[in-house]
2 protein chains.
Amino acid sequence: MTSTARRPSRVAKLPPRERVLDAAEQLFQSEGIRRVSVQAIAERAETTKMAIYRHFETKDALVAEWLRIVAADYQAAFDRVETEHPDRPREQIMGLARFIAEGLPAISHRGCPFINSLAELPDRSHPARQVIEKHKAHQTRRLVGMCTDAGLPDPEQAAAEITFVLEGAQVSTHNGSIDQTGDRLMRIVDGILNRPHSPLDTPRTTAT
Amino acid sequence: MTSTARRPSRVAKLPPRERVLDAAEQLFQSEGIRRVSVQAIAERAETTKMAIYRHFETKDALVAEWLRIVAADYQAAFDRVETEHPDRPREQIMGLARFIAEGLPAISHRGCPFINSLAELPDRSHPARQVIEKHKAHQTRRLVGMCTDAGLPDPEQAAAEITFVLEGAQVSTHNGSIDQTGDRLMRIVDGILNRPHSPLDTPRTTAT
DNA sequence: TCCGCTCGATACCGATGGGTATCGTTTGGG
DNA sequence: CCCAAACGATACCCATCGGTATCGAGCGGA
């Protein structure tokens with residue numbers, strides 16, 4: 001999840017812009033956006049506020065850039081499961097579920113960055129919001145594609161169900177209302193993929 | 001969801017404390033907690049900041065009180081479906097799902113108050129956090145009870161799945177990544193309840 | 001060598017916001 | 001009728017925070 005492997009994450013002699021993004025990543029994730037001041041980011045990045053404003057127009061721009069990076073991490077996860085399980089859409093989806101499930105412990109204190117940012121940025125005009133919406137739309141499209149490839153009946157509905165479950169698992173992990181969310185999540189997704197789709201049964205509710 | 005039926009919601013000649021709670025409810029829901037100043041609440045309630053601080057120790061206490069009210073609304077929804085469908089746990093659960101599904105359009109701009117508050121209040125020690133956790137735990141307990149009564153194999157797992165789906169539907173509605181979330185949600189919950197439980201699969205607690 | 005860019009440091013500005021003090025006015029119960 | 005409590009209004013204090021201005025030190029390239 002928080003992609004601690006992307007960059008050394010050890011603030012060292014990286015160029016300041018990278019150090020700032022590293023620091024922002026850590027602080028935004030653990031403390032939230034609005035609770036973290038630019039000053040705090042500067043200190044954590046071992047630089048100054050001025051240096052930050054040389055690289056980013058405003059704090060909002062920095063937030064948007066951070067979310068772009070997080071989105072790229074998720075995209076990378078999609079890419080990885082696709083290359084690891086070529087032409088095996090079911091295993092690709094299970095790989096995605098595992099990616100989320102394994103990230104759950106890391107977000108148990110603090111939630112999913114997208115969900116949190118959505119709550120912290122009510123303005124739809126905020127640049128970060130557009131990053132999120134674009135990312136989510138792209139992710140949904142890709143998941144629907146996998147469900148289609150997996151031969152699931154009504155792939156859009158299946159993608160919706162998987163999305164709901166993935167998001168919900170993160171929320172429930174965050175508020176601690178349910179235990180063993182990782183295991184439960186894997187079992188649920190497995191159940192969705194291996195559901196016996198009785199051909200007589202399907203024309204029940206107003207399916208598309 | 002936002003329970004516009006609970007109180008007149010029309011700021012009139014209610015006692016100031018009620019007017020403050022009304023105003024806080026509307027503003028916190030639509031704008032978020034941290035973006036709403038006490039001053040703004042006072043203006044909306046047609047009173048002053050001082051009057052607010054006569055009834056609430058701090059802003060945090062007001063936030064907690066607001067969430068207590070929201071939680072009570074949800075509890076009322078539980079009570080309602082139980083009395084409307086006595087001894088029919090499946091219909092009770094469907095009623096809950098419908099309660100959430102019908103609330104989705106109202107939260108399409110802004111998300112579920114609990115999820116949002118969780119994101120806005122990272123401190124586990126915040127009084128509002130304890131309200132949320134207590135409420136979520138209670139809700140989970142009740143849902144597990146319904147699943148048990150419904151004779152579902154592994155009721156805890158079923159309750160987890162339903163919870164995930166309900167939370168996820170709210171998140172996905174908020175970020176707009178999926179369309180027709182209400183219909184999809186109802187179909188999913190229906191599928192969970194009417195799933196053919198293969199008798200070999202789960203020799204678990206065959207609770208009544 | 002010298003020019004220009006980036007970097008670091010500090011001080012500052014203006015706005016916002018939580019919370020308090022004060023004072024005059026309303027209001028309802030004994 | 002009278003008093004005390006609650007109310008409304010205003011002004012204020014102080015901390016935080018986004019963003020800016022300035023100045024001097026390093027540093028790479030021509």
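Below, chains carry the letters A, B, ... as their sequence lines are ordered, and counting in each starts from 1.
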Exercise for review: Using ring pair (Phe, Tyr, Trp, His ring centres under 6.0 Å) as the criterion, list what pairs up with B:F164, not counting sequence neighbours.
Suggested key: none

Review point. Is A:R110 salt-bridged to A:E120, going by a charged N under 4.0 Å from an acidic O?
Key: yes

Check your understanding: Quick one: is D:dA6 close enough that its OP1 or OP2 comes under 4.0 Å of any side-chain N or O from B:H55?
Key -> no

**Study point:** Pair A:F99 and A:F78, ring centroids less than 6.0 Å apart
**Key:** no

**Study point:** nucleotides 9-23 of chain D: protein proximity per nucleotide (B base, S sugar-phosphate only, - neither; heavy atom, under 4.0 Å)
**Key:** BB------SBBBB--

Practice item. Could you verify whether a donor N or O on one side chain and an acceptor N or O on the other, from B:R124 and B:Q130, lie under 3.5 Å apart? Key: no

**Study point:** Test item: side-chain donor near acceptor, A:E43 and A:Q39, under 3.5 Å
**Key:** yes

Check your understanding: Atom CD1 of B:I52 to atom P of C:dT20: distance rounded to whole Å?
Key -> 13 Å

